[in-house]
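These notes concern the structure reproduced below.
Chain letters run A, B, ... following the sequence lines, proteins first, then strands; residues in each count from 1.
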2 protein chains.
Amino acid sequence: MFSVSARTQYAIRAMSCLAKREGRSATSAEIAQSESIPAKYLEGILSRLKASGLIESERGKNGGYRMAKDPAEIRMLEIVEAIDGRIKPVTCVDAPGACSQGGDCHPRNFWIGLKTTIDAYLAERTLKDVSEG
Amino acid sequence: MFSVSARTQYAIRAMSCLAKREGRSATSAEIAQSESIPAKYLEGILSRLKASGLIESERGKNGGYRMAKDPAEIRMLEIVEAIDGRIKPVTCVDAPGACSQGGDCHPRNFWIGLKTTIDAYLAERTLKDVSEG
DNA sequence: TATATTCCTATTAATCAGATAGGAATATGG
DNA sequence: CCATATTCCTATCTGATTAATAGGAATATA
Ligand code: FES
Ligand code: FES
């Protein structure tokens, strides 16, 4: 429970790898090799990171991926949400009044509090913090 | 990601149900019915809660389960760990030096920090807080 | 035009959570 | 001693989700 998907761990490694290049680009294959990530699987991950605006890409010969911003400006929460979407400990976090207790459901408030706590932790640390310390 | 297992949600409902009885006992079947939990599945959950000392049981006719302590003394973390074990965002939380970075691995420290944050949240709230407010 | 790349879609494989099944052990009351 | 109600134990099945693979279309370069 509360475990981090392989996808997200791969994504963080890939982002760290790009961060080291300081703007220079790397191909999907290079990242896959350097970080030991299944190559084709990684493509799907980079695609999500790009969709969220964290990285940019060029295709064709000499193409590749590169950071879209300074690693110090990228919050870990952004990476996590790019890959797995909003954190939802329980499905009813976005559904007030889902159970019999109506709007003021204590268990729901409890889980929302947890989500808020996790979000805060992830938002106050950046890729720079995590990849180099 | 970071989602709470159905088992743990069932466990919390079951504990709340027992908490309402203030020491009086209830059978597995009664709890299952009252909380809409698959009966046979619930048996396995109650068994883990008992193994962790959160509830007690008698078997045979007139048997059943009852709270082993005051709900105000039961931390939510205890319930979660009784069901799903220690929280481990990544497998290496208990394996220092698992990756190439050796003992001082920044990503690992990052995830351990998250674990600590989640643990703290869950430890500072009790069953009483969550079941009645 | 050959080649290297991203990008898109579909499929397969592996893993795990959720649920079910059957019955052994045990306690109670008649 | 027996019928019954319960916990308790172990095995299995199922479905959902994640992880991974496959194939090729689109695009850029030289
Ligand atoms: S709304 Fe989710 S438990 Fe009440
Ligand atoms: S020890 Fe887990 S990532 Fe380094």
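- Here the P atom of nucleotide D:dT17 and the CG atom of A:Asp84 are 13 Å apart, to the nearest Å.
- Side-chain N/O atoms of B:Thr116 and B:Asp119 include no donor and acceptor closer than 3.5 Å.
- You'll find the ring centres of A:Tyr121 and B:Tyr121 outside the 6.0 Å limit.
- Between the OG atom of B:Ser25 and the CE atom of B:Met67 there is a distance of 13.0 Å, given to the nearest 0.5 Å.
- At whole-Å resolution of the value, CZ in B:Arg13 and P in C:dG18 are 12 Å apart.
- In this structure, the OH atom of A:Tyr41 is 10 Å from the P atom of D:dT21, given to the nearest Å.
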Applying side chain to side chain contact (heavy atoms under 4.5 Å, CB included) to A:Leu114 and B:Ile118, what does each step give before you reach the verdict?
CA-CA 7 Å; A:Leu114 177 60; B:Ile118 295 173; 4.1 Å; yes

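- Rounded to whole angstrom, the span from the CD1 atom of B:Ile45 across to the C1' atom of C:dT20 amounts to 14 Å.
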Go along nucleotides 1-7 of chain D 5' to 3' and tag each nucleotide: B for a protein heavy atom under 4.0 Å from its base, S when only backbone or sugar atoms are that close, - otherwise.
----BBB

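- As a whole-Å value, the separation of B:Ile83 CD1 from C:dC16 C1' is 17 Å.
- For residues 49-80 of chain A, the set of pairs meeting the ring-ring contact (aromatic ring centres under 6.0 Å, His included) definition, not counting sequence neighbours, is empty.
- Between A:Phe2 and A:Trp111, the two ring planes are tilted [angle within 30° to 60°].
- Atoms CE (A:Met1) and P (C:dG18) sit 10 Å apart, rounded to a whole Å.
- Rounded to a whole Å, the CD atom of B:Glu56 is 18 Å from the C1' atom of C:dT26.
- Across the protein-nucleic acid pair, B:Ile37 atom CD1 and C:dG18 atom P stand 12 Å apart, rounded to whole Å.
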